[in-house]
Amino acid sequence: MKIATCNYSGSVGKTVATSHLLAPRMPAAEIIAVESTNESAADLGLDVEQMRGEHGGRLLRRLVVAESAIVDVGASNIEDFLAELVKYDQAHLEIDYYVLPVVASGKAQRETIKTIQTLAEIGVPADRVRVLFNRVDADVQEEFAAIFGYARQAGGFVANPEAVIYENEVFDLLANQRTTIQEILADQTDYRQLLREADRSDAKAVAHLSDRYALQSLARPVDRQLDRAFAALFA
C-alpha cells in the first residue's frame, strides 16, 4: 500500500499514526515526511526521508517506483502538497489511501471535513479517504458527531467507528523517551526489578526507570488495540 496521512488541522496525531499504527504494520514501507516545522517520525528514530510540500515532482517519482510507502504530510505543508498533486495528471491515484487522523475538538473536526472536501474536489475516490479517530475517550460516535453527521449527509469518505486510537498516556511517554512501541516490546530489561534496587536519592534515574516500566506495562495492550484499529481502517 501507499498511504498519505494528512489533515488541514495540526496536532491531530499524524505522526502518532505514522510511527505507531502504520509503520510497524507496513515494515517494508518507505516513510516520507512532507514537513518543514513540526515533529515527524524521524524524531522517534525511524528512517525517514524529509521533503517539503512543493517537492511534488520528486515525491511523485518516488511513489511511482515504491511498492509500499507512508507519506506523513504536515499541516504546514498540506496546501503545497495538494497543489503539487493536481499539477500532474492522475497523480492523486498513486496514493492508495488518504488517512485523516482527527481529534474531538470542534476545530479539528471542521478542518477534517474541509480536507475531505478538498480531496473530493481533486478527484480522490471516496473509498480511498479514511478517517482515523484519535485520542478517543469513550464513545467515538458521540465525541465525533460532526464527522459522522457529515458522513451521513454528504459521504465522500469512509468513517469506520472501529478505526480508533484511544486516549492513553503511552504516546506522551513514547514521545518524551524518543522511542516507539516496537522498541519497547523488544526491550527485555526488568525495569520493575531495577526500580526496586534504585537509589531513591537519584530522582532523575528513578523517574527514567519509572517511565520505562510504565511503557512496558502499557505497550502490549495498546499494540493489540492498534492491531484492531489498523484492520478496521482498511476493512
Q: So, E84 and K87, do they make that salt bridge, N to O below 4.0 Å?
A: yes
Q: Between R212 and T179, does the side chain to side chain contact (heavy atoms under 4.5 Å, CB included) criterion hold? Intermediate values first, please.
A: CA-CA 10 Å; R212 299 298 288 195; T179 189; 4.1 Å; yes
Q: Would V170 and H20 satisfy side chain to side chain contact (heavy atoms under 4.5 Å, CB included), going step by step from the backbone distance to the final call?
A: CA-CA 11 Å; V170 71; H20 303 303; over 6 Å; no
Q: Apply side chain to side chain contact (heavy atoms under 4.5 Å, CB included) to the pair H208 and D211, showing each step before the final yes or no.
A: CA-CA 5 Å; H208 172 74; D211 283 350; 5.8 Å; no
Q: Would you check if the side chain of D96 reaches a backbone N or O of K2 as a donor-acceptor pair within less than 3.5 Å?
A: yes
Q: Is it true that Y213 and I181 fall in one hydrophobic cluster, defined by side-chain heavy atoms closer than 4.5 Å?
A: no
Q: Check for a donor-acceptor pair, side chain of Y98 on one end and backbone N or O of H92 on the other, with a separation under 3.5 Å.
A: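 Side chain of Y98 to backbone of H92: a pair is present.
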Q: Tell me, yes or no, whether the heavy-atom count around E79 atom CD, taken from other residues, nucleotides or ligands under 6.0 Å, exceeds 12.
A: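 Not more than 12 within 6.0 Å, no.
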Q: Take atom CZ in R220; do more than 12 heavy atoms of anything else shown fall under 6.0 Å from it?
A: no
Q: With the side chain counted from C-beta on, respond yes when K14 and V73 share a heavy-atom pair under 4.5 Å apart, and no when they do not.
A: no
Q: Do I113 and L119 land in one hydrophobic cluster if side-chain heavy atoms of ILVMFWY residues count as linked below 4.5 Å?
A: yes
Q: Under 3.5 Å, is there a donor-acceptor pair between the side chain of N176 and the main chain of D172?
A: yes
Q: Any sub-3.5 Å donor-acceptor pair from E169's side-chain atoms to L218's backbone N or O?
A: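 Side chain of E169 to backbone of L218, a donor-acceptor pair under 3.5 Å: no, none is there.
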Q: Do other residues, nucleotides or ligands put more than 12 heavy atoms under 6.0 Å from E167 CD?
A: yes
Q: Looking at E67, I'd like to know if its CD atom is crowded, meaning that more than 12 non-hydrogen atoms belonging to other residues, nucleotides or ligands lie closer than 6.0 Å.
A: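 Result for CD/E67: open.
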Q: Show me the donor-acceptor pairs, under 3.5 Å and distance only, between side chains in residues 224-235 and residues at least two apart or in other chains.
A:
from: Q225; atom 1: NE2; to: V164; atom 2: O; distance (Å): 2.6
from: D227; atom 1: OD1; to: R25; atom 2: NE; distance (Å): 2.8
from: D227; atom 1: OD1; to: R25; atom 2: NH2; distance (Å): 3.0

Q: Check whether R128 reaches the backbone of L93 with its side chain - one donor and one acceptor, N or O, closer than 3.5 Å.
A: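 Checked: pair present.
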Q: Just wondering, do I3 and M26 contact through their side chains at under 4.5 Å, heavy atoms?
A: yes
Q: With side chains defined as the heavy atoms from C-beta onward, is the minimum distance between F157 and L100 less than 4.5 Å?
A: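 Heavy-atom side-chain distance check fails, nothing below 4.5 Å.
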Q: Using 0.5 Å steps for rounding, measure from the CE atom of M51 to the CD atom of E35.
A: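 It is 14.0 Å, given to the nearest 0.5 Å.
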Q: Can L82 and L85 be said to form a side chain to side chain contact (heavy atoms under 4.5 Å, CB included), step by step?
A: CA-CA 5 Å; L82 294 175; L85 273 187; 4.3 Å; yes
Q: Please answer: with hydrophobic residues joined when any side-chain heavy atoms are less than 4.5 Å apart, are V129 and I78 in the same cluster?
A: yes
Q: According to a hydrophobic-cluster definition based on side-chain heavy atoms being under 4.5 Å apart (Ile, Leu, Val, Met, Phe, Trp, Tyr only), do Y8 and V103 belong together?
A: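 As far as the 4.5 Å side-chain criterion goes, V103 and Y8 are not connected within one cluster.
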Q: Among the clusters formed by ILVMFWY side chains lying less than 4.5 Å apart, do L185 and L22 turn up in the same one?
A: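 Yes; tracing contacts between hydrophobic side chains, which count when under 4.5 Å, links both residues.
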Q: Could you tell me which residues satisfy ring pair (Phe, Tyr, Trp, His ring centres under 6.0 Å) with F133, sequence neighbours excluded, listed by chain and number?
A: F144, F148
Q: Taking side chain as C-beta onward, heavy atoms only, is V131 less than 4.5 Å from I116?
A: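 Yes. Closest side-chain heavy atoms under 4.5 Å.
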Q: What residues, two or more places apart in sequence or in another chain, satisfy side chain to side chain donor-acceptor pair (under 3.5 Å) together with N7?
A: T112, T115
Q: Are any side-chain N or O atoms of R178 and backbone N or O atoms of A175, one a donor and one an acceptor, separated by less than 3.5 Å?
A: yes
Q: How about L21 and V16: do any of their side-chain heavy atoms sit closer than 4.5 Å?
A: no
Q: I'd like to know whether CZ of R130 has more than 12 heavy-atom contacts from other residues, nucleotides or ligands below 6.0 angstrom.
A: yes
Q: Mark yes or no for whether E143, through its side chain, and D139, through its backbone, hold a donor-acceptor pair below 3.5 Å.
A: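 Looks like yes, one N/O pair under 3.5 Å.
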